[in-house]
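Chain naming here is simple, since letters A, B, ... match the order of the sequence lines and numbering starts at 1 in each.
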Amino acid sequence: MTEENTEIVRFTDLGLSDETLKALSESGYETPTPIQEKSIPIILMGRDMVGCAQTGTGKTAAFVLPQIEILIGGRTRARMPRSLILAPTRELAAQIADNFGKYTKYHSLSWALLTGGDGMDEQIKALDRGVDVLIATPGRLLDHYERGRILLTDVKIFTIDECDRMMDMGFIDDIVKIAGLLPQMRQTLMFSATMAPEIRKLAEKFLQNPREVSVAPPAQTAALITQELYYVDARKKRELLRHLLRSKEVHNAYIFCNRKRDVTVLTDSLRRHKFNVGELHGDMVQSKRYETLADFKSGKLEMMVCSDVAARGLDIPDVACVVNFDIPFNSEDYVHRIGRTGRAGKTGISISFATPDDVKLLDNVFTLTKHKVEPTSVPGLTLDSLDAGDAPRERSSGRSDRGGRGDSRGKKPSAPPPREREREKPSASPPRDKTGALPPRTYPTPDPIPAGGFDDDIPAFLRR
DNA sequence: AAAAAAC
């Protein structure tokens with residue numbers, strides 16, 4: 001960290017070109033983050049580097065900026081890129097490409113985004129024209145290579161982003177294969193959120209005499225993120241979620257599910273209950289994935305229900321809340337998921353739902369984070385009082401004009417005609433202010449929860 | 001147990 005430094009380092013001190021500095025200041029950046037301050041000089045020297053840093057630390061610019069300076073010295077050749085950047089997911093690759101576009105505004109460097117799900121034609125055209133930088137996911141890159149569309153013999157800089165994630169996703173064979181297609185004489189940069197032994201082994205294999213740079217995560221889980229845990233019957237999760245989203249006036253949230261199918265089910269359910277929500281998972285058409293992400297970033301969508309495709313690396317500022325609708329199978333994903341909030345010094349809240357089946361998973365999470373989260377019991381909340389049903393019944397429709405559930409509870413409700421309900425569209429999202437924050441949402445106040453406390457529905461493992 | 005990533 002840099003807090004001991006009395007001297008403030010600026011981008012102008014780091015040996016970047018005037019054109020890059022201009023693009024940077026137009027983007028509103030003047031002072032480098034710690035990872036940028038440390039990495040940029042090393043990369044400019046031509047050294048190999050291992051960077052241990054999470055997203056939110058400014059890691060992308062840390063490897064993009066110095067690369068620009070190195071690459072402007074050479075010239076573009078058709079089908080022979082001089083830099084290759086690998087990322088684990090399509091959205092992440094696209095994010096890196098955005099950075100390149102932004103920072104090369106006053107340089108004439110070209111780049112191509114080679115990811116799956118998008119059409120081949122445009123990518124092939126770009127390759128034929130000649131690009132300086134390839135930003136790719138492994139599968140599509142190898143696809144192009146095997147079809148003879150690219151030569152990798154002129155690659156001078158090889159960047160592997162989110163290396164630990166790549167390993168988790170089983171990309172190791174692809175990475176080894178791709179590295180084998182590159183010249184031995186090159187500069188290799190590797191970035192990873194953790195420095196697990198297998199990452200070190202990979203670094204030893206691919207890097208020569210690397211410098212190691214590591215920065216603290218932007219927010220330690222305990223410090224800025226308030227973690228809440230609810231024990232809930234699996235069938236009541238949706239109802240509890242709606243209750244919490246309304247009572248906490250959550251206006252900006254990721255909601256993670258373990259399964260793609262459940263992402264869709266939950267999204268549909270929340271939509272029927274008039275939450276302004278989108279979905280994101282790997283079975284969707286790529287254009288829709290990008291669209292949802294853009295809408296969530298701009299604030300057009302208030303919430304995004306997603307699979308772990310969105311758990312890591314997506315740089316969306318100021319998300320107030322992360323919901324673990326399911327406890328992730330891999331406890332490291334818990335840390336990554338809730339790391340979507342509490343960023344850049346802001347506070348955030350994470351809400352996790354656990355069923356009796358999740359005891360083991362939860363235990364793994366506590367062990368990893370070295371922090372045990374005590375379950376929250378909603379005062380007076382009876383799980384029985386929550387509605388397991390999915391279709392909006394008397395509560396959701398009655399709520400908007402009556403303000404309370406009144407005496408409808410316990411009886412079979414007299415629901416309004418379904419047509420009428422479907423016609424009601426979620427109100428347009430209010431615009432964000434300069435900080436990206438949304439004004440408080442105007443959902444009706446939640447129904448009062450009848451007194452009674454947890455009773456029969458309490459999971460057996462909670463009853464001591 | 002799931003998800004992600006190539007056609």
Would you indicate, yes or no, if [N] has its OP1 or OP2 atom less than 4.0 angstrom from a side-chain nitrogen or oxygen of [X]?
X        : N     : result
A:Lys260 : B:dA4 : yes
A:Arg259 : B:dA1 : no
A:Arg165 : B:dA3 : no
A:Arg289 : B:dA5 : yes
A:Thr115 : B:dA5 : no
A:Thr137 : B:dA4 : no

Exercise for the section: May I ask you to say whether A:Lys201 pairs ionically with A:Glu204, meaning some side-chain N is under 4.0 Å from a carboxylate O? Expected result: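 Between A:Glu204 and A:Lys201 there is no salt bridge, as every charged N stays at least 4.0 Å from the carboxylate O atoms.
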Practice task
Considering only NZ, NE, NH1 and NH2 on the basic side and carboxylate oxygens on the acidic side, decide whether A:Asp143 and A:Arg149 come within less than 4.0 Å.
Solution key: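 The answer is no: the pair does not qualify as a salt bridge.
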For the pair made of [atom1] in [X] and [atom2] in [N], what is the distance, rounded to whole Å?
X        : N     : atom1 : atom2 : result
A:Asn258 : B:dA4 : CG    : P     : 11 Å
A:Ile178 : B:dA6 : CD1   : P     : 10 Å
A:Phe256 : B:dA4 : CZ    : C1'   : 14 Å
A:Asp283 : B:dA2 : CG    : P     : 13 Å
A:Ile327 : B:dA1 : CD1   : P     : 18 Å
A:Arg90  : B:dA6 : CZ    : P     : 5 Å
A:Met120 : B:dA6 : CE    : P     : 10 Å
A:Leu141 : B:dA5 : CG    : C1'   : 12 Å

Exercise for the section: Scan A:Gly170 against the nucleic acid and name what it touches under 4.0 Å (heavy atoms): base, sugar-phosphate only, or nothing. Expected result: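 If one applies the 4.0 Å heavy-atom cut-off, A:Gly170 turns out to touch nothing in the nucleic acid.
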Per [X] side chain, nearest of listed nucleotides [options]:
X        : options             : answer
A:Leu361 : B:dA6, B:dA4, B:dA1 : B:dA1
A:Asn330 : B:dA2, B:dA6, B:dA4 : B:dA2
A:Phe329 : B:dA6, B:dA1, B:dA4 : B:dA1
A:Thr89  : B:dA6, B:dA2, B:dA5 : B:dA5
A:Phe171 : B:dA2, B:dA6, B:dA5 : B:dA5

Handout entry: A:Pro210: which of A:Val50, A:Leu189, A:Thr188 passes side-chain contact (heavy atoms from CB on, under 4.5 Å)
Key =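 That would be A:Val50.
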Handout entry: Min side-chain heavy-atom separation A:Ile157-A:Ile43 under 4.5 Å
Key =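 A:Ile157 vs A:Ile43: side chains apart.
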Exercise for the section: State which residue, out of A:Arg337, A:Arg259, A:Lys260, fulfils the salt bridge (charged side-chain N to carboxylate O under 4.0 Å, His left out) condition with A:Asp308. Expected result: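 Among A:Arg337, A:Arg259, A:Lys260, the one meeting salt bridge (charged side-chain N to carboxylate O under 4.0 Å, His left out) with A:Asp308 is A:Arg337.
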